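Just below is one structure, and these are the notes that go with it.
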Number of protein chains: 2
Amino acid sequence: MLISELAELTGVSARALRHYEDCGLLTPARSGSGYRVYTESDVTRVAQIRTMISAGLGTSAIRRYLDCVRTGDHGTFLEMCPDLRAELDSLARRLDARQAELREKRSRLDRLTSAG
Amino acid sequence: MLISELAELTGVSARALRHYEDCGLLTPARSGSGYRVYTESDVTRVAQIRTMISAGLGTSAIRRYLDCVRTGDHGTFLEMCPDLRAELDSLARRLDARQAELREKRSRLDRLTSAG
DNA sequence: GTAAGGGTTCACGCCGGCGTGAAGGTCAAG
DNA sequence: CTTGACCTTCACGCCGGCGTGAACCCTTAC
């Protein structure tokens, strides 16, 4: 299928799909005229990519660990290798830190608003 | 006083102080040779700016409402005018939204990590 | 004279997943 | 042939508070 069809099937913009290719997350074949040609398995792969992005992973991390992705009846998950475990742990810590920062900002804003 | 002294007194870098001037938050006098000359009241003002920034306000918003800032015994606060009230409300909503997004990311990451 | 230590004005870099034209090739349909 | 819908490859814009040189001026001490 061509890019616009994959875009419709996945709900992801064509621009994003090209971006994923630039990042090495997709490697579609090319037609004689240079058009990107995707297979049905790319639909699943894009869904996996989106799941990982929505979990906070960057494209470089996704590229490193895309082999670890499995999609089963119980949802999408990752088969753990040591590096991946460490990467996800540090990501979790970063997310927690950002959450704490946001909470601080929010409370400081409340103080600015109501204090006095 | 010169910029490095104000930087030390406030704990804010000289670069940041120049940045605040670029944004219209500070308007130091100039010596004959072009050096920025600050007064003691600028120490308070910088503290107010830092408080507002740490609460999530951007420099443009700070510039618009810097007149509303008061620093008293009960901490730094803002005298409310309608526009300011609306601005702070929308900011609070944006912070809440970002907090919700982060929570979602965090839980999705947990699912990726442990599911399967 | 000069080295040292501050001050000044640019102006790019960051962080990153895409949006958004711009300029131009491909292809089926009328 | 021509419209028009889709495709391609660049490549800048975003969001923004500063970090970080670069290149150059002022002043003081030796």
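Remember, it's a predicted structure, so these values are computed and weren't measured experimentally. In what follows, chains are A, B, ... by sequence order, proteins preceding strands, each numbered from 1.
A:Tyr20 contributes no side-chain N or O that forms a donor-acceptor pair with the base of C:dG17 under 3.5 Å. B:Arg18 contributes no side-chain N or O that forms a donor-acceptor pair with the base of C:dT8 under 3.5 Å.
When each of A:Gly32 and A:Ala16 is assigned the nucleotide of DNA chain C bearing its nearest heavy atom, the one mapping closer to the 5' terminus is A:Ala16. Of the two residues near DNA chain D, B:His19 and A:Ala14, the one whose nearest nucleotide lies more 5' is A:Ala14.
Between A:Arg98 atom CZ and C:dG16 atom P the separation is 11 Å, expressed in whole Å. The separation between A:Leu91 atom CG and C:dC15 atom P is 16 Å, rounded to whole Å. Distance A:Tyr35 OH to C:dG24 C1': 11 Å, rounded to the nearest Å. To the nearest angstrom, C1' of C:dC18 lies 11 Å from CG of A:Asp22. When the C1' atom of D:dA5 is taken as reference, atom CG of A:Leu2 falls 12 Å away, rounded to whole Å. C:dG6 atom P lies 17 Å from atom CE of B:Met1, rounded to whole Å. In this structure, the CD1 atom of A:Ile62 is 9 Å from the P atom of C:dC18, given to the nearest Å. D:dC15 atom C1' lies 15 Å from atom CD1 of B:Ile53, rounded to whole Å.
Judged purely by distance below 3.5 Å, without hydrogens or angles, the side chains of A:Tyr20 and A:Arg50 pair a donor atom with an acceptor atom. No side-chain donor-acceptor contact under 3.5 Å links A:Ser107 and A:Arg103. Judged by distance alone, the side chains of B:Gln48 and B:Thr71 do bring a donor and an acceptor atom under 3.5 Å apart.
For the OP1/OP2 pair of C:dC10 and a distance below 4.0 Å, the side-chain nitrogens and oxygens of B:Arg15 include no atom meeting the criterion. Phosphate contact (OP1/OP2 of D:dC26, side-chain N/O of B:Arg36, threshold under 4.0 Å): absent. Taking side-chain N and O atoms only, B:Ser4 has a distance below 4.0 Å to OP1 or OP2 of C:dG7. For A:Ser33, no side-chain nitrogen or oxygen approaches OP1 or OP2 of D:dC7 to under 4.0 Å.
Counting any heavy atom pair closer than 4.0 Å across all strands shown, B:Thr59 reaches sugar-phosphate atoms only and no base atom.
Between B:Tyr38 and B:Pro28, the closest heavy-atom pair is CE2-CB, 3.5 Å. Closest of all the heavy-atom pairs between B:Gly34 and B:Arg30 is O-NH1, 3.0 Å.
For A:Ser13, counting side-chain heavy atoms from C-beta on, the closest listed nucleotide (C:dC18, D:dC6, D:dC26) is C:dC18.
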